[in-house]
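Worksheet: the structure to be examined is printed underneath.
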Amino acid sequence: MSAVIEERRGRIALLKLNNPPVNGLGWPVREGLEAAILRLAADAEVDGIVVTGAGRMFCAGADIREFGTEPPAHVRRLTPILDDLEGMEKPVVAAIHGVAAGGGLELALGCHYRVCGPKTKLGLPEVTLGILPGAGGTQRMPRVAGVSKALELIVSGRLVSEKEAYESGIVDELVDGDVDTVIAAAVAAAERLAKSDSAPRRSCDRTDGLQEAKDNPGLFDSFRKSMAKRARGMNAPYACVRCIEAAATMEFADGLKFERKEFEQLVNADEARSMRHAFFAEREVAKIPDVAKDTPTRPIQNAGVIGCGTMGGGIAMVFANAGIPVTIVESEQAALDAGIEKIRKNYAATVSKGRLGQAEMDKRMALITPTTDLVELAATDIVVEAVFEDMSVKKELFARLDRVCKPGVIMATNTSTLDVDEIAAATSRPEDVIGTHFFSPANVMRLMENVRGEKTSDDVIATVMGLSKTLGKVGVLVGVCHGFVGNRMLHQYLREAMFLVEEGALPQDIDRVLYDFGMPMGPFAMCDLAGNDVGWRVRQEQIKANGGKPTNIRYSGTIADKICDLGRFGQKTGKGWFKYADGRTPEPDPEVEAIIVETSAELGLERRDISDDEILERCLYPLVNEGAKILDEGIALRASDIDVVWMHGYGFPRFRGGPMFWADTVGLKTIGEKMRQFEKEHGPWMAPSPLLLKLVDEGKGFAEL
Ligand code: 3HC
Ligand code: NAI
């Protein structure tokens with residue numbers, strides 16, 4: 001089947017891009033498009049052209065898999081093909097439906113008129129792939145939608161609805177109906193334009209949208225200032241701004257050349273490679289090799305959540321947000337009332353910020369049914385347990401659920417550390433038990449670590465992986481071990497941060513290095529946000545269980561314990577590793593520095609200057625090393641799954657592709673050698689993992705596993 005299908009509607013030629021699943025503009029499509037343009041321009045039987053997409057969408061842009069490869073020499077890039085399309089004397093109309101993204105929207109902008117169907121998403125998301133719209137999008141979009149709108153859309157990469165696109169002038173006509181109706185309206189527009197005396201309206205000739213930048217040339221600098229925080233560490237967003245600036249100051253043809261130069265500098269750099277990796281990793285994560293794609297899933301029409309504390313409340317909101325009725329069970333009425341009130345306040349805050357309508361809030365609250373009676377979960381399709389992190393409490397609860405719940409219910413636990421198999425063994429149906437480890441705050445963080453027990457059945461796995469998507473989450477399937485993937489690796493990161501403080505660094509030094517690397521905040525600000533008391537209690541339990549002694553050879557909690565002894569639990573107490581004058585912004589605290597210096601002396605450690613490089617390597621290399629152990633043990637299916645966990649659970653910068661991809665860019669040889677050095681200098685916990693050493697020996701990276 002041809003990559004561009006040609007049909008006739010009277011004297012109008014209809015070109016359908018045909019490259020499933022998303023009509024990516026790979027070279028066969030470009031070749032087909034170019035040939036059609038040449039042919040139709042000369043065809044006296046054709047008065048106009050309509051371009052559309054076969055299947056479920058118009059076009060999702062360039063074929064991302066082609067980046068970094070060379071097309072056959074005779075196939076041109078999209079930019080000159082769009083120039084030819086736009087330059088046609090016959091009217092060219094885009095019939096847009098489903099999605100018009102990236103090169104897909106650039107193609108539409110190269111047409112003379114745009115008709116758009118309902119429920120369509122349009123945008124230029126290239127920046128999320130570390131590049132810029134490289135087929136004239138940075139030049140045509142500001143001409144069509146205005147410079148400010150183009151800056152906002154191109155630098156954020158946000159996709160907009162057809163309604164917003166219409167209001168911004170990106171599409172000319174909205175049509176309510178199916179694809180055939182959209183095509184019919186586009187054909188009618190082409191016939192109308194063919195009959196009119198005026199020349200085709202070409203985006204490249206338009207200047208009205210550029211006027212605002214001519215009136216206010218300072219607009220670009222102030223935009224650059226406004227984006228500084230979110231564009232931290234990245235090149236692509238700034239390149240986008242430079243190209244839009246070029247659109248406002250240069251002739252169209254020169255602007256295109258400028259755009260090309262900028263595009264070429266970005267497309268094979270680490271930033272773009274990392275973001276492409278992130279894009280495919282997020283799609284790969286849904287594929288479970290030993291669970292057949294067609295495994296039947298269980299219907300989830302309602303849900304139950306047990307425990308209305310920090311996590312349970314958030315998880316109930318997640319279900320309600322997805323329109324799934326949820327019953328929430330607490331042991332005591334007072335705790336239930338307090339939990340529901342917290343949910344209400346949470347929604348109300350979103351309403352007051354204008355991000356949710358009051359009616360929608362009421363609808364979501366009405367989907368949540370509070371109760372203190374577990375029996376009310378008898379008919380639910382899935383139950384998510386989020387009670388105290390205590391094995392005996394959880395086992396007792398699962399044994400009761402086993403008696404109460406209908407056959408076929410999925411019984412999920414939100415435990416962050418406990419053995420899912422031991423919890424499952426408390427029931428007569430361990431095949432129905434799975435971990436669904438949400439991250440705090442559950443209604444915000446996108447990650448769900450779905451923990452597969454030894455006996456969890458395939459259809460439960462398939463259902464929960466699908467449910468993650470329905471809930472707007474990214475589900476990653478992991479195996480049972482202490483801390484699963486994310487927190488097990490986090491432990492390495494935090495431990496080294498604590499040791500570095502004992503050895504000479506200050507919390508603000510460490511946080512600065514990791515923030516500059518691209519993390520949303522450093523480890524100490526993160527502990528202050530999560531609450532230092534959580535780890536403190538865990539350490540106390542571990543010490544108690546170990547006969548009053550720390551379990552590690554070198555104890556990392558000495559300073560953290562002192563901080564907690566003073567009640568410095570973090571943001572919630574106004575003080576932690578930092579002080580918080582305004583409740584949110586961390587500021588270095590001399591009191592903490594005094595404790596740190598005093599503790600170093602007590603431990604017999606002579607404080608030394610620690611370089612930024614050492615901070616980064618000490619915090620991140622052990623984290624990667626633990627990731628390698630996790631892979632070796634089969635706890636994660638793929639290195640890229642670990643990357644997804646870290647990007648969505650901990651905000652690891654997407655422009656670095658996640659810790660395992662980043663490690664490949666650093667070079668595993670470098671990391672292996674450094675871990676050996678750290679092992680000698682610090683202790684056996686820094687020993688490089690066997691998998692890391694094996695890959696170094698074979699000269700491979702995690703990507704080649
Ligand atoms: N190129 C290659 N493959 C693509 C692709 C693209 N542009 N877009 C999607 N795919 C693939 C996915 O990898 C997936 O493959 P798989 O089934 O083997 O895993 C399949 O198509 C379906 O994709 P999704 O699972 O993402 O499908 P959804 O329906 O959930 O989403 C979408 C559809 C909104 C179009 C989403 O796929 C998307 O955002 N795609 C990327 C859009 C984009 O970034 N376009 C810009 C490309 S760069 C460009 O155009 C450069 C130009 O300026 C020169
Ligand atoms: P929490 O202490 O805030 O809430 C637990 C709630 O469960 C309390 O309201 C308590 O009254 C209720 N509860 C206890 N036993 C019950 C029972 N038998 N029946 C009904 N309700 C009962 O605890 P939090 O932080 O929400 O943690 C819950 C679970 O989620 C734990 O397993 C924890 O490890 C896990 N988790 C916690 C995260 C966090 O950041 N707080 C992150 C991810 C997982």
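One is the number of the first residue; the rest follow in order along the sequence. Counting starts at 1 for both ligands and their atoms, in listed order.
Residue F388 has at least one heavy-atom neighbour below 4.0 Å for each of these atoms of ligand 2: 2 (O), 5 (C), 8 (C), 10 (C), 14 (C). Interface of S440 with ligand 2, defined as ligand atoms under 4.0 Å from a residue heavy atom, comprises 40 (O). Atoms of ligand 2 found under 4.0 Å from any heavy atom of N414, numbered from 1 in the order shown, are 30 (O), 35 (C), 36 (N), 44 (C). In summary, the atoms of ligand 2 found under 4.0 Å from a heavy atom of K394, numbered by their order in the structure, are 31 (C), 32 (O). Those atoms of ligand 2 with a heavy atom of T415 less than 4.0 angstrom away are 32 (O). Close approach to S416 involves these atoms of ligand 2, each under 4.0 Å from a residue heavy atom: 33 (C), 34 (O), 35 (C), 36 (N), 44 (C). Against a heavy-atom cut-off of under 4.0 Å, G309 is close to the following atoms of ligand 2: 3 (O), 4 (O), 6 (C), 9 (O), 26 (O). In the vicinity of G103, heavy-atom distances shorter than 4.0 Å reach the ligand 1 atoms 49 (C), 50 (O), 52 (C). Heavy-atom contacts of I306 reach the following atoms of ligand 2: 19 (N), 20 (C) (cutoff under 4.0 Å).
Contacts between E396 and ligand 2, counted as non-hydrogen atom pairs separated by less than 4.0 Å, are absent for every part of the residue. For F438, every heavy-atom contact with ligand 2 shorter than 4.0 Å involves the backbone, none the side chain. Contacts between E332 and ligand 2, counted as non-hydrogen atom pairs separated by less than 4.0 Å, are absent for every part of the residue. Counting heavy atoms under 4.0 Å from ligand 1, residue L129 touches it through the side chain alone. Contact annotation: for E284 versus ligand 1, there are no heavy atoms closer than 4.0 Å.
Side-chain polar atoms of E259 and T138 form a donor-acceptor pair below 3.5 angstrom. A donor-acceptor contact closer than 3.5 angstrom is absent between the side chains of E376 and T327. Defined by atom type and a distance below 3.5 Å, a donor-acceptor pair is present between the side-chain atoms of N321 and Y347.
In terms of protein heavy atoms, atom 37 (C) of ligand 2 is closest to M311 CG, 3.3 Å. Scanning all protein heavy atoms for the shortest distance to atom 20 (C) of ligand 1 gives P21 CG, 3.6 Å. Closest to atom 34 (C) of ligand 1, if we only count protein heavy atoms, is V99 CG2, 4.3 Å. Counting protein heavy atoms only, atom 5 (C) of ligand 2 is closest to A386 O, 3.7 Å. Protein heavy atom in closest approach to atom 20 (C) of ligand 2: S331 N, 3.4 Å. At the top of the distance list for atom 30 (O) of ligand 1, counting protein heavy atoms only, stands K469 NZ, 4.1 Å. At the shortest separation from atom 35 (C) of ligand 1 among protein heavy atoms lies A60 CB, 3.5 Å. Shortest contact from atom 18 (N) of ligand 2 to any protein heavy atom: L397 CD1, 4.2 Å. Atom 8 (C) of ligand 2 has E330 OE2, 3.3 Å as its closest protein atom, hydrogens excluded (heavy atom only). Closest protein heavy atom to atom 15 (O) of ligand 1: R65 NH2, 4.0 Å. From the protein, the heavy atom lying nearest to atom 18 (O) of ligand 1 is K287 NZ, 3.5 Å.
Ionic pairing of E86 and R140 is present here: one or more N-O contacts between side-chain nitrogen and carboxylate oxygen are shorter than 4.0 angstrom. Salt bridge status for K394 with D390: absent, with no side-chain N to carboxylate O gap under 4.0 Å. The pair E34-R77 fails the salt-bridge criterion, with no side-chain N (NZ, NE, NH1 or NH2) lying under 4.0 Å from an Asp/Glu carboxylate O.
Which of E259, E282, E126 comes nearest to atom 48 (S) of ligand 1 through a heavy atom is settled by distance: it is E126. Counting heavy atoms only, R56 comes closest to atom 27 (O) of ligand 1 of the residues R56, E66, R283, M57. The option with the heavy atom closest to atom 7 (O) of ligand 2, from among V538, V387, N487, L336, is V387. Atom 6 (C) of ligand 1 has its nearest heavy-atom neighbour, among G61, P133, A286, A62, in A62. Counting only non-hydrogen atoms, the option in N23, D63, V22 that gets closest to atom 4 (C) of ligand 1 is V22. Among E389, R400, H437, the residue whose heavy atom lies nearest to atom 33 (C) of ligand 2 is E389. Nearest-residue assignment for atom 1 (N) of ligand 1 (options T128, I64, L124, L105; heavy-atom criterion): I64.
Of the listed residues (H437, E389, R488), just one forms a side chain to side chain donor-acceptor pair (under 3.5 Å) with T417, and that residue is E389. H648 pairs in a side chain to side chain donor-acceptor pair (under 3.5 Å) with only one of the listed residues (K473, E449, E282), which is E282.
For the pair V22 and C59, the minimum side-chain heavy-atom distance is 4.5 Å or more. Residues I410 and I434 form a side-chain contact, since some pair of their non-hydrogen atoms from C-beta on lies under 4.5 Å apart. Counting heavy atoms from C-beta outward, L85 and L107 have side chains that approach closer than 4.5 Å. Considering only heavy atoms from C-beta on, V476 stays 4.5 Å or farther from M448 through its side chain.
To the nearest 0.5 Å, atom CG of residue L109 and atom CG of residue L82 are 9.0 Å apart.
Relative ring orientation between F439 and Y650 is described as perpendicular, the plane-to-plane angle rising above 60° on a 0-90° scale split at 30° and 60°.
Contact between G102 and ligand 1 is present, with at least one heavy atom of the residue lying under 4.0 Å from the ligand.
Nearest heavy-atom pair across H97 and G53 is NE2-O, 2.9 Å.
Below 3.5 Å of separation, one finds an N or O of G134 facing an N or O of ligand 1. For a threshold of 3.5 Å applied to N or O pairs, the pair formed by E385 and ligand 2 contains no separation below that value.
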Go through it in stages, so that I can follow the logic: the residues are D643 and R638, the test is salt bridge (Lys or Arg N to Asp or Glu O under 4.0 Å), and I'd like the CA-CA distance, side-chain angles, deciding distance and then a yes or no. CA-CA 9 Å; D643 289 332; R638 294 167 275 250; over 6 Å; no
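Cation-pi check for R654 over F652 is not met; the charged atom does not lie both under 6.0 angstrom from the ring centroid and within 45 degrees of its normal.
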